[in-house]
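Everything below concerns the one structure shown next.
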Amino acid sequence: MHRTRNHGGIQFINLRDRYGITQVVISDTAGAEVQELAASLHNEYCISVEGVVAGRPDEMVNSSMDTGEIEVEASTLQILSTCAPIPFQIDEESDAKEDTRLKYRFLDLRSGGMQKRIKLRHDFIRAIREFLSERDFYEIETPTLIKSTPEGARDFLVPSRIYPGKFYALPQSPQLLKQILMVSGFDKYFQIARCYRDEDARGDRQLEFTQLDLEMSFVKRDDVLSLMEELFHDVFRKTIGYETEKTFLRLTWEEAMNTYGVDKPDLRYDLPLQDFSTLALEGSFATFTDAIENGGTVKVIKAPASESVAFSRKFITSLEEAAKVYKAKGLAWMKVNAEGHLEGGISKFFSHIEEKILGFTGARPGDMLLFVADSWRVTCAALGAVRVKLAKDLSLIDTSRFAFCWIIDFPLFEYNEEESHWEAAHHMFSMPQDQYIDTLEEDPGSVKGDLYDLVLNGNEVASGSIRIHDVELQKRIFRICNFPDDVAEERFGFLLNAFKYGAPPHGGIAPGIDRMVMIMAGETSIKEVIAFPKNTAAVSPMDDSPSYVDQQQLDDLHLIIKKDEKA
RNA sequence: GAGGGUGUAGCGAAGCUGGUUAUCGCGACGGCCUGUCACGCCGUAGAUCGCGGGUUCGAGUCCCGUCACUCUCGCCA
């Protein structure tokens, strides 16, 4: 029972189920007994009503309600279950704090919004299964108790009762198993796979999450990309009636970093970054020239004049704060005044090349230019953050769009300063691009991989690659990543062994289901599309996991708990 | 590991520079009401202001500490 309105002689009940709300009328015709029982009803009771569905009198039609033209004239009423006082009201969207919503998730899930999002998630997964099944993919389950392999994130470990001191790990993804399925001849595989990574949670990250895991044999990069383009075109149309582009824009990693400052650009707005280094050298602003002499880069972004937001000191400071999060030391600026001249900020260092700057940036009266000078990485990241904040604050985001793009040609390796060795930027099973294969070891940092990410509205929603299927090449990659042959053999021997037996070339991708549904639902937290999520402290407030276990369970698992130093 | 924000009744909020009995809406409880649909009207109860300490004649308000939640950096291929 959603709500009731008792007028003494007549009572209305809004009866709610998964499909919506229908009005029940309790009037004289129901009889005194039913009327009396109805008067005792409270919100969220579970009730059973029998009666006649009838059209409402003309003037009583409620046009704002799907079922507003009819009502049920009750003849019998039964209380199936009463309800304790509820901690928050159940409406379309709950206004309770997230913590409270999670503690009483069974109530929160009754809200219209949660019901819709869970349905959307179901529809999305169903459409994916249908699309891929029609294309001859097999859905194959892989184990959730696997060997712990060093792949990047921390593993969740499961102690073995039978083998003291040995552990299973929960998969960070079915990566190695799906590659082995390729060796086994299942050349088109997918799975709606749960993945586990023991790292800190975020708004768009849970420690367990769901991927569409997918792999194909005998494919090149473009085969995977075009399959995904068709898949999402089909699935978006079927689930939310949105027509995506037939093909998605492709940017190289370098292009994306240079133009948008991130490897996951939001293309619902433009606001490109421009390289200002050449012009900076013509000016006399020491911060810029110093940065360039130290091998750095100066970049500029143009903030278009806004009617609603003044480019005040306070506003610029808030942008500078955004830049500083990404290690920029500051944010330089200049404005174009009504006469079309540069003024304020650092403009005095550049007055002699005003024309060039205005031409280069296309800045018009009322616009503002914002600069960061630092190492290439810091400059890109910091100004990229400024770009995102500008788009939000100046309301430049077209929220009706779903803007997909591919990011390709990622670096294969990055250097781990703390541990002084190279490691895989993506994972160690991705294929280097052909032109680098002979000389991998000479300059790992310059090697581009056959890697691709799918980006949607500024979120990384899928990541994949063409894989290595050659034992020797795989071993070379392991060696570069500080896994000598004996260690690699111990950790990944089963994969190397499989590759000895006629492994086909293969590649795949893994779109994140939670994130995609989140974006489709217009939400900014994946908790809104997960029935039972955990909070940022990795706790489930409803069942209070994680929890302590009995000593007997620990004994069975041969575990001794070290006393916390703080305790 | 680090930074920002929040914490006042079951829920959501207000409470200005410290000053009577901590305010409002929703909800709950009791009553009235025959066409409502966020029904309406009358009434009642409900708060150690997250917790601990300090400053003060006096603390929801100021200071220190601490806990919880949340966002972000790190981390997460």
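Below, read A as the first sequence line, B as the second, and so on, with proteins coming before strands; counting in each chain starts at 1.
Both distances falling under 3.5 Å, in either a Watson-Crick or a G-U wobble arrangement, place B/G65 opposite B/C51.
Nucleotides B/U23 and B/A47, compared at atom P, are 13 Å apart to the nearest Å. Nucleotides B/C69 and B/C51 have their C1' atoms positioned 15 Å apart, rounded to a whole Å. Here the separation of B/G60 from B/U21, taken at their P atoms, is 11 Å to the nearest Å. Nucleotides B/C32 and B/G58 place their C1' atoms 46 Å apart, quoted to the nearest Å. Distance noted for atom P between B/U66 and B/A28: 41 Å (whole Å). Taking atom C1' in both B/A45 and B/G27, one finds a spacing of 13 Å when rounded to whole Å. Between B/C49 and B/G43, the two C1' atoms lie 27 Å apart (nearest whole Å). As rounded to the nearest Å, B/G30 and B/C24 have C1' atoms that lie 22 Å from one another.
The nucleotide whose nearest atom lies closest to any side-chain atom of A/Gln23 is, among B/G1, B/U34, B/U36, B/U36. Nearest nucleotide to the A/Asn6 side chain, out of B/A68, B/G12, B/C33: B/C33. Taking every side-chain heavy atom of A/Thr100 into account, B/G12 is the closest of B/U70, B/C75, B/G12. Closest contact between the side chain of A/Val325 and the listed nucleotides B/G74, B/U72, B/U70 involves B/U72.
Heavy atoms of A/Tyr326 sit under 4.0 angstrom from primed sugar atoms or phosphate atoms, though from no base atom. Residue A/Arg56 is in base contact, counting any heavy-atom pair closer than 4.0 Å across all strands shown. Using a 4.0 Å heavy-atom cutoff across all strands shown, A/Gly8 reaches at least one base atom of the nucleic acid.
OP1 or OP2 of B/C29 lies within a sub-4.0 Å distance of a side-chain N or O belonging to A/His42. The phosphate of B/A2 (OP1 or OP2) has no side-chain N or O of A/Lys324 nearer than 4.0 angstrom. Between A/Arg202 and B/C73 there is a side-chain N or O to OP1 or OP2 distance below 4.0 Å. OP1 or OP2 of B/U70 lies within a sub-4.0 Å distance of a side-chain N or O belonging to A/Lys527.
Checking A/Pro85 against A/Gly68, the closest nucleotide of RNA chain B that is more toward the 5' end is the one next to A/Pro85. Remark on RNA chain B: of its neighbouring residues A/Phe12 and A/Ser94, the 5'-side contact belongs to A/Ser94, judged by nearest-heavy-atom nucleotide.
Salt-bridge annotation for A/Arg205 and A/Glu199: absent, with no side-chain N of the basic residue lying under 4.0 Å from a carboxylate O of the acidic one.
For B/C37, the base has a donor-acceptor partner in the side chain of A/Asn62 [N/O atoms by modelled type, under 3.5 angstrom]. Contact annotation: side chain of A/Gln11 to base of B/U34, donor-acceptor pair absent below 3.5 Å. Side-chain atoms of A/Arg197 stay outside donor-acceptor range of the base of B/C76, with no qualifying N/O pair under 3.5 Å. Residue-to-nucleotide contacts include no donor-acceptor pair under 3.5 Å from the side chain of A/Glu199 to the base of B/G74. A/Asn43 contributes no side-chain N or O that forms a donor-acceptor pair with the base of B/G27 under 3.5 Å.
In this structure, A/Phe413 CZ and A/Glu423 CD are separated by 11.0 Å, a value rounded to the nearest 0.5 Å.
A tilted orientation is assigned to the rings of A/His427 and A/Phe429, their planes being inclined by 30° to 60°.
Atom NZ in A/Lys327 sits about 14 Å away from atom P in B/A2, given to the nearest Å. Per the geometry, CD belonging to A/Gln89 stands 14 Å off C1' belonging to B/A9, to the nearest Å. Computed from coordinates, the A/Asn14 CG to B/C37 C1' distance equals 6 Å when rounded to whole Å. A/Arg5 places its CZ atom 12 Å from the P atom of B/G27, with the value rounded to the nearest Å. Protein atom CZ of A/Arg377 is 16 Å distant from nucleotide atom P of B/C73, rounded to whole Å. Rounded to whole Å, atom P of B/C76 lies 15 Å from atom CG of A/Asp453. Rounded to whole angstrom, the span from the CG atom of A/Asn459 across to the P atom of B/U72 amounts to 11 Å. Between the CD atom of A/Glu414 and the P atom of B/C75 there is a distance of 9 Å, given to the nearest Å.
A side-chain N or O of A/Tyr189 and one of A/Asp213 form a donor-acceptor pair less than 3.5 Å apart. A/Asp544 and A/Ser547 share no side-chain donor-acceptor pair at under 3.5 Å.
Looking at A/Thr379, its side chain does come within 3.5 Å of a backbone N or O of A/Asp374 through a donor-acceptor pair.
Of the candidates A/Lys147, A/Arg197, A/Gln172, A/Gln172 is the only one forming a side chain to side chain contact (heavy atoms under 4.5 Å, CB included) with A/Asp155.
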Practice problem: Kindly indicate, with the supporting measurements, whether the criterion salt bridge (charged side-chain N to carboxylate O under 4.0 Å, His left out) is fulfilled by A/Asp470 and A/Arg476. | Solution: CA-CA 10 Å; A/Asp470 174 78; A/Arg476 285 171 64 201; over 6 Å; no
